[in-house]
Amino acid sequence: MRLKITTRDAATGPVLEISGGLDYDNAPRLQQLIATVALRPGQRLVLDLGGMEFCDSSGISSLIAAHNHARAARADIALAAVPASTLRTLRIVGLDQIFAIYPDSDAVPPSGNGGGG
């Protein structure tokens, strides 16, 4: 399954729009990209998953890597437009408790106002 990642800047910080499959074959690509995303303290990294078609355990691991990258930079992280199947997995394993989750990237408030992370 093909993975497409589009990066854009928002007032709150960088937004990564993820489309396609986030699986064993593609998750390392996301992790490598996240490692290069410059974050300043107080910013919020947003992963917009609205176009994501599939996410396996490797994909979940890459989301955790993004969380760790944000925390190391003293920044926040939010997930937006999480597909129902992935949201269910996040809830089962308790990751909905560490990620702030929003219906879409436009709904993500500035860092410090939205819980999670």
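For the single chain, residues carry numbers from 1 onward in sequence order.
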Donor-acceptor pairs are to be reported for all side-chain atoms of residues 1-17 against protein atoms at under 3.5 Å, with residues two or more places apart or in another chain.
from, atom 1, to, atom 2, distance (Å)
R8, NE, E17, OE2, 2.7
R8, NH2, S105, OG, 3.0

Shortest non-hydrogen pair, N26 vs G21, comes out as ND2-O, 3.0 Å
Main-chain N/O of G94 paired to Q97 side chain as donor or acceptor, under 3.5 Å | no
Taking the side chain as every heavy atom from C-beta outward, state whether L30 and I18 have any pair of such atoms under 4.5 Å apart.
-> yes
Just by modelled atom types, is the Q31 backbone N or O under 3.5 Å from a matching donor or acceptor in the H69 side chain?
-> no
When every non-hydrogen atom of L39 is compared with those of A70, the smallest separation belongs to CD1-CA, 3.7 Å
Rounded to the nearest 0.5 Å, the CG atom of L95 sits from the OG1 atom of T89 at a distance of 9.5 Å
Can any side-chain N or O of R71 pair as donor or acceptor with the backbone N or O of D76 at less than 3.5 Å?
-> no
Reported CZ-to-CG distance for the pair F99 and L90, which is rounded to 0.5 angstrom = 7.0 Å
Find out whether I98 and H67 are in side-chain contact, i.e. whether some heavy atom of one side chain is under 4.5 Å from a heavy atom of the other.
-> yes
Step by step, would you call R44 with V108 a side-chain contact (heavy atoms from CB on, under 4.5 Å)?
-> CA-CA 9 Å; R44 175 167 281 157; V108 178; 3.4 Å; yes
Looking only at non-hydrogen atoms, find the nearest pair between L33 and T36 and report the distance.
-> O-OG1, 2.7 Å
Taking side chain to side chain contact (heavy atoms under 4.5 Å, CB included) as the test, write out the residues that go with D104, two or more places apart.
-> D106, A107
Considering only distance and modelled atom types, tabulate donor-acceptor pairs under 3.5 Å from the side chains of residues 50-65, sequence neighbours left out.
from, atom 1, to, atom 2, distance (Å)
D56, OD1, S58, N, 2.9
D56, OD1, G59, N, 3.1
D56, OD2, Y24, N, 3.1
S61, OG, S57, O, 3.1
S62, OG, G59, O, 2.6

